[in-house]
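Letters A, B, ... are given to chains in the order of the sequence lines, protein chains preceding strands, and every chain is numbered from 1.
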There are 2 protein chains.
Amino acid sequence: MDERDVRLLKAISDLGTGSPEKLHDETGIPVSTIHYRLNNLREAGVIENDLYDFDHEALGLGVTIIVEVHADYEGPYDEFADELLAVEGVTEAYFTMGETDFVVLARLSSSDTVERLISEFEGIEGVERTNSTFTIATLRDESRAPATYDLETLIEELTD
Amino acid sequence: MDERDVRLLKAISDLGTGSPEKLHDETGIPVSTIHYRLNNLREAGVIENDLYDFDHEALGLGVTIIVEVHADYEGPYDEFADELLAVEGVTEAYFTMGETDFVVLARLSSSDTVERLISEFEGIEGVERTNSTFTIATLRDESRAPATYDLETLIEELTD
DNA sequence: AATGAAATAGCCGCGGA
DNA sequence: TCCGCGGCTATTTCATT
């Protein structure tokens, strides 16, 4: 994995497209080279399917950490939340009911970067306390919920 | 959203492709009808981009619940985990360090189905206790981690 | 391994039903 | 709303560097 691969994967993530032509516009890499690189990334298991779902483990961001954030802030919650979202690696964030105020999931490259993450959170104005859970293994990471349902259940639940 | 839309979205999720031809093979729906339907789903905001990322809120699975599972089981953890993964709606599952044993995220259609989910978990042999957190709002749900990093950081972290 | 250019395959939208 | 057909563009292959 070199810089060019990373630029490519970043472009895919940002643009939300796998079109070689659009990726060429963004990165300047020739169309057929993009094709060639993407094939290699597919073989390496970084890209999983036609929809460019990533295997974060193979990509090098296989460390998942779950952080509960307890906060005391002024103003609307989503304004405060922007500060949490600004931290690099934060892939999911939820505003929650109950004891905790926010639950944040982040994808990191190594245990070393975990420290950086926590201290960034702790440094945010209004954050009172954080509680981190390290994950040992990712058992499932499915970005399209329908895959986890039976067709019948899905029809039942989603049709009017 | 009717049954045909749901079949289509399920096929996309299962096959991991957005190719009208492949979706035709799976569903039997004519290629140009698939195209027509997908356009409508795009307009409705259910499909977000070229990569067919879903907006679970618009899809009707906008209720996210986070469940901590404390368990006492025999045998390897991933064998036990299969039981957790069998529950409909479970999109993410992690084996964790520390007090809790597993953290599970699920996408549901309504608060009503939350009860079903919890009782399914509680019914699994070996599950001692569960602790559920309801989410009020999803602030971010990004399935491709590189989108959350600066390009420079990413190059630093991922290149050899 | 990387690229340019040709060939092919699949996508898209029109228009009728 | 659905779907068959045609045009057309993007993808993919291949030969060359």
**Asked** With A/Ser19, which residues qualify under side-chain hydrogen bond (donor to acceptor under 3.5 Å, both in side chains), at least two apart?
**Response** none
**Prompt:** Is there a donor-acceptor contact under 3.5 Å from the side chain of A/Asn40 to the main chain of A/Glu43?
**Reply:** no
**Message:** Tell me which pairs pass salt bridge (charged side-chain N to carboxylate O under 4.0 Å, His left out) where either residue lies in residues 6-34 of chain A, with sequence neighbours left out.
**Reply:** A/Glu3-A/Arg7, A/Lys10-A/Asp14, A/Lys22-B/Asp50
**Message:** Please list, in numerical order, the residues of residues 6-15 of chain A that have a heavy atom closer than 4.0 Å to any atom of DNA chain D.
**Reply:** none
Shortest non-hydrogen contact from [X] toward [Y]:
X	Y	answer
A/Thr96	A/Phe102	OG1-N, 3.9 Å
A/Thr148	A/Glu142	CG2-CG, 3.9 Å
B/Ile34	B/Pro20	CD1-O, 3.5 Å

Side-chain donor-acceptor contacts of residues 124-132 of chain A below 3.5 Å, not counting sequence neighbours, with atom names and distances?
{"residue": "A/Arg129", "atom": "NH2", "partner": "A/His70", "partner atom": "NE2", "Å": "3.3"}
{"residue": "A/Thr130", "atom": "OG1", "partner": "A/Glu122", "partner atom": "OE2", "Å": "2.7"}

**Check: B/Phe54 and B/Ile12 side chains under 4.5 Å, non-hydrogen atoms** = yes
**Request:** For the residue pair A/Val104 and A/Val87, establish whether any side-chain heavy-atom pair is separated by less than 4.5 Å.
**Result:** no
**Asked** With sequence neighbours left out, what residues match A/Asp53 under salt bridge (Lys or Arg N to Asp or Glu O under 4.0 Å)?
**Response** A/Arg144, B/Arg144
**salt bridge (Lys or Arg N to Asp or Glu O under 4.0 Å) partners of A/Glu120, counting only residues at least two apart** = A/Arg116
**Request:** For A/Glu21 and for A/Asn39, find the nucleotide of DNA chain D with the closest heavy atom, then tell me which residue's nucleotide is more 5'.
**Result:** A/Glu21
**Request:** Tell me which residues in residues 24-37 of chain B put a heavy atom below 4.0 Å from DNA chain C, sorted by number, or none.
**Result:** B/Ser32, B/His35
**Asked** According to the interplanar angle, ranging from 0 to 90°, do the rings of A/Phe80 and A/Tyr73 count as parallel (below 30°), tilted (30 to 60°) or perpendicular (above 60°)?
**Response** parallel
**Request:** Measure the angle between the two terminal helix axes of the helix from C/dA1-D/dT17 to C/dA17-D/dT1, five base pairs each, and quote it to 10°.
**Result:** 30°
**Request:** Applying ring-ring contact (aromatic ring centres under 6.0 Å, His included), name anything that partners A/Tyr149, two or more places apart in sequence or on another chain.
**Result:** none
**Asked** Could you walk me through whether A/Thr133 and A/Thr135 pass the side-chain contact (heavy atoms from CB on, under 4.5 Å) check?
**Response** CA-CA 6 Å; A/Thr133 305; A/Thr135 69; 5.6 Å; no
**Request:** Shoot me the first and last contacting nucleotide of DNA chain D against chain A, ordered 5' to 3', at under 4.0 angstrom to non-hydrogen atoms.
**Result:** D/dA10 to D/dT13
**Prompt:** Quick one: how far along DNA chain C does chain B reach, first to last nucleotide 5' to 3', anything under 4.0 Å to a heavy atom?
**Reply:** C/dG10 to C/dG13
N/O donor-acceptor pairs under 3.5 Å from side chains in residues 58-66 of chain B, not counting sequence neighbours:
{"residue": "B/Thr64", "atom": "OG1", "partner": "B/Arg107", "partner atom": "NH1", "Å": "3.1"}

